[in-house]
There are 2 protein chains.
Amino acid sequence: MKEGPDIAYIAALIGDPARANMLTALMSGKALTVSELAEEAGVTIQTASSHLSRMDDGGLLRHRKQGRHKYFALATDDVAHVLEGLMGLAAGAGHLRKRTGPKDEKLRKARVCYNHLAGDMGTRLYDSLMAQGYVALKGEIVTLTDQGAAFVTSFGIDLDALVRKKAPLCRECLDWSERRPHLAGSLGRAFLSRFEALSWARRDQKSRAVLFSPGGDAEFTRLFPFPG
Amino acid sequence: MKEGPDIAYIAALIGDPARANMLTALMSGKALTVSELAEEAGVTIQTASSHLSRMDDGGLLRHRKQGRHKYFALATDDVAHVLEGLMGLAAGAGHLRKRTGPKDEKLRKARVCYNHLAGDMGTRLYDSLMAQGYVALKGEIVTLTDQGAAFVTSFGIDLDALVRKKAPLCRECLDWSERRPHLAGSLGRAFLSRFEALSWARRDQKSRAVLFSPGGDAEFTRLFPFPG
DNA sequence: TTCATGGTTCGACCGTAGTCGAAACATGCA
DNA sequence: TGCATGTTTCGACTACGGTCGAACCATGAA
């Protein structure tokens, strides 16, 4: 009857609690097995299997078979982007699944958004890179400046390796807790990896939280000062 | 059990066909009455009323009572943004509600995205403004340059009036058909209004399509040339 | 006041889709 | 080959929620 894409189909796919739990778990960026996702969603393996194949068909997920395991991950960054947007709407409407607690506090400070850093520290990183002239918006695309390239390399990121990949280097991603953009793309991912390699931060095993050590926090603030 | 916002609640709200139809209709940016939306969704007025109040509670809509009419609109630009993202996923997965036809062609060329111009011409406008240095990305925000301000004013847009409003002047919005950003925000809205005022284009009454006249198309291309 | 129109509430019906148990299938290991 | 583990398929149950008819409420016009 109507024109345009069938948004109800996709939204309904996301709109089931069990599936939403799995998708949220996959926002960690890690590929997870059917059993792990069943556990996350609080549902038996059979139902999880059914849900996962439907989301796969719907283009939300991609999978990789490895021996007798089947690993699922979000299909694209776009999917993660939409999920983050939905989180923003849900948070804005005051529909948190759990009232704000200590865990929530950590998530707002720093967390993994698919594969890059989000939350307060994510937006601070982005703002600081902008303010120092390391990244700039050229045309519709966020680009790394010459100074930025030098900085990134000196920071220990193998820029050439990133450039060789097809994936876009820089992208904006809207943060649900800060309601401002932060850095995504392969560079965003590289920054997070580098923070972990330097032992500035480590990922919480049980949630999306990224835990900075006191020393790491200090180094981070030194290198990425507030723009104002 | 899980941390974070309840995305299933919001997604399920969008995921019902009747509600999705109403939301899609509201992407035109026009405020519509209960009866009109019932018509759009192909459902009786009672059920429409129920759906609308639920979406209102969920923060997706806002409403305004006017006499015995009740007008509904999307609550914020963020909602429109997420809907556009969902359309992108649905289109990417090949789930169009109707197979591509002549109407679809027009939508891809130029359409209304909430209140601003989207589709091929929307992204062309944005790219051209960027390339000519009229807008630039400063920090995390898209800003109008001094030259841009002069241009906009000379084009007949009352910039002072826009600035006086609280709403952000420029924003990016991701286009589902082009898969690239275009200009949103109050300036995006103002451009579309100006195109209509100049009779370069008019809105299709029955769809989200924006129909450019041959003359309007030529003027548009002259003023907003391809960046390449 | 009376009437017409737009919207809401109530109650009942019904179908879809989420759920799980059981059994089959697949893969790796000994 | 046999066994253990991971995943899928099948079938049946159930409940949640979308739907509508009917009656009720609200507003504006005559």
Side-chain angles (χ1 to χ4, degrees), chain A residues 1-2 6-26 30-58 60-73 90 93 95 97, chain B residues 1-2 6-26 30-58 60-73 90 93 95 97:
Chain A
M1 178 189 296
K2 301 263 137 286
D6 185 359
I7 105 179
Y9 173 79
I10 296 292
L13 224 39
I14 305 174
D16 174 77
R19 288 195 288 259
N21 283 340
M22 298 188 201
L23 291 170
T24 304
L26 290 171
K30 287 187 288 196
L32 299 173
T33 65
V34 179
S35 332
E36 289 170 327
L37 288 164
E39 169 79 8
E40 281 288 340
V43 89
T44 64
I45 297 179
Q46 308 93 291
T47 58
S49 172
S50 153
H51 284 313
L52 289 166
S53 58
R54 290 186 55 182
M55 291 194 282
D56 205 358
D57 293 345
L60 295 181
L61 303 181
R62 64 189 156 75
H63 66 262
R64 207 183 64 223
K65 289 197 78 167
Q66 211 168 73
R68 50 186 166 185
H69 294 274
K70 193 169 179 181
Y71 285 92
F72 281 92
H95 280 107
R97 286 189 289 188
Chain B
M1 177 190 295
K2 300 262 134 289
D6 186 359
I7 99 179
Y9 174 79
I10 297 291
L13 224 39
I14 305 173
D16 174 76
R19 288 195 289 260
N21 283 339
M22 298 188 200
L23 290 170
T24 304
L26 290 172
K30 286 187 290 197
L32 300 172
T33 66
V34 179
S35 333
E36 289 169 326
L37 288 164
E39 168 79 10
E40 281 286 342
V43 89
T44 63
I45 298 179
Q46 307 94 290
T47 58
S49 172
S50 152
H51 284 312
L52 289 166
S53 57
R54 289 184 55 181
M55 290 195 281
D56 205 357
D57 293 345
L60 295 180
L61 303 180
R62 65 190 155 73
H63 62 92
R64 206 183 65 224
K65 289 198 78 167
Q66 210 169 73
R68 49 184 167 185
H69 294 274
K70 193 168 178 180
Y71 286 92
F72 281 92
H95 281 105
R97 286 190 287 190

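First the proteins, then the strands, lettered A, B, ... as listed; each starts at 1.
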Given the rule in the side-chain contact (heavy atoms from CB on, under 4.5 Å) test, do B/Leu37 and B/Val43 qualify, once you have shown the distances and angles that lead to the verdict? CA-CA 9 Å; B/Leu37 288 164; B/Val43 89; over 6 Å; no

Decide side-chain contact (heavy atoms from CB on, under 4.5 Å) for B/Leu32 and B/Phe72; before the verdict, give the C-alpha distance in whole Å, the side-chain angles of both, and the deciding distance to 0.1 Å. CA-CA 5 Å; B/Leu32 300 172; B/Phe72 281 92; 5.9 Å; no

A/Asn21 and A/Glu40: side-chain contact (heavy atoms from CB on, under 4.5 Å), yes or no, with the steps? CA-CA 7 Å; A/Asn21 283 340; A/Glu40 281 288 340; 5.6 Å; no

List in chain and number order the residues that pass side-chain hydrogen bond (donor to acceptor under 3.5 Å, both in side chains) with B/Ser49, two or more places apart in sequence or in another chain; answer none if no residue qualifies. none

Side chain to side chain contact (heavy atoms under 4.5 Å, CB included) against A/Ala12, all qualifying residues, sequence neighbours excluded: none

Which of A/Asp56, A/Leu52, A/Val34 passes side chain to side chain contact (heavy atoms under 4.5 Å, CB included) with A/His63? Answer is A/Asp56

Describe, as an angle rounded to 10 degrees, how the axis at the first end of the helix from C/dT1-D/dA30 to C/dA30-D/dT1 is tilted relative to the axis at the last end, five pairs per end. 30°

What verdict does the side-chain contact (heavy atoms from CB on, under 4.5 Å) test give for B/Leu23 and B/Met55, after you've listed the backbone C-alpha separation in whole Å, the side-chain angles of each residue and the deciding distance to 0.1 Å? CA-CA 9 Å; B/Leu23 290 170; B/Met55 290 195 281; 3.9 Å; yes

Looking at A/Arg19 and A/Ile14, would you say the former's side chain and the latter's main chain have a donor-acceptor pair under 3.5 Å? no

Reading nucleotides 15-30 of chain D 5' to 3', which nucleotides get B (base under 4.0 Å from a protein heavy atom), which S (sugar-phosphate only), which -? ---SBBBB----BS--

Outermost DNA chain C nucleotides near chain A [under 4.0 Å, heavy atoms]: C/dG18 to C/dG28

Send over the distance from A/Leu52 CG to D/dT9 P, rounded to a whole Å. 12 Å

From CE of A/Met22 over to P of D/dT7, roughly how many Å is that when rounded to an integer? 12 Å

Atom CG of B/Leu13 and atom CG of B/Leu60: how far apart are they, to the nearest 0.5 Å? 5.0 Å

The side chain to side chain contact (heavy atoms under 4.5 Å, CB included) partners of A/Thr44 (sequence neighbours excluded) come to A/Gln46, A/Thr47

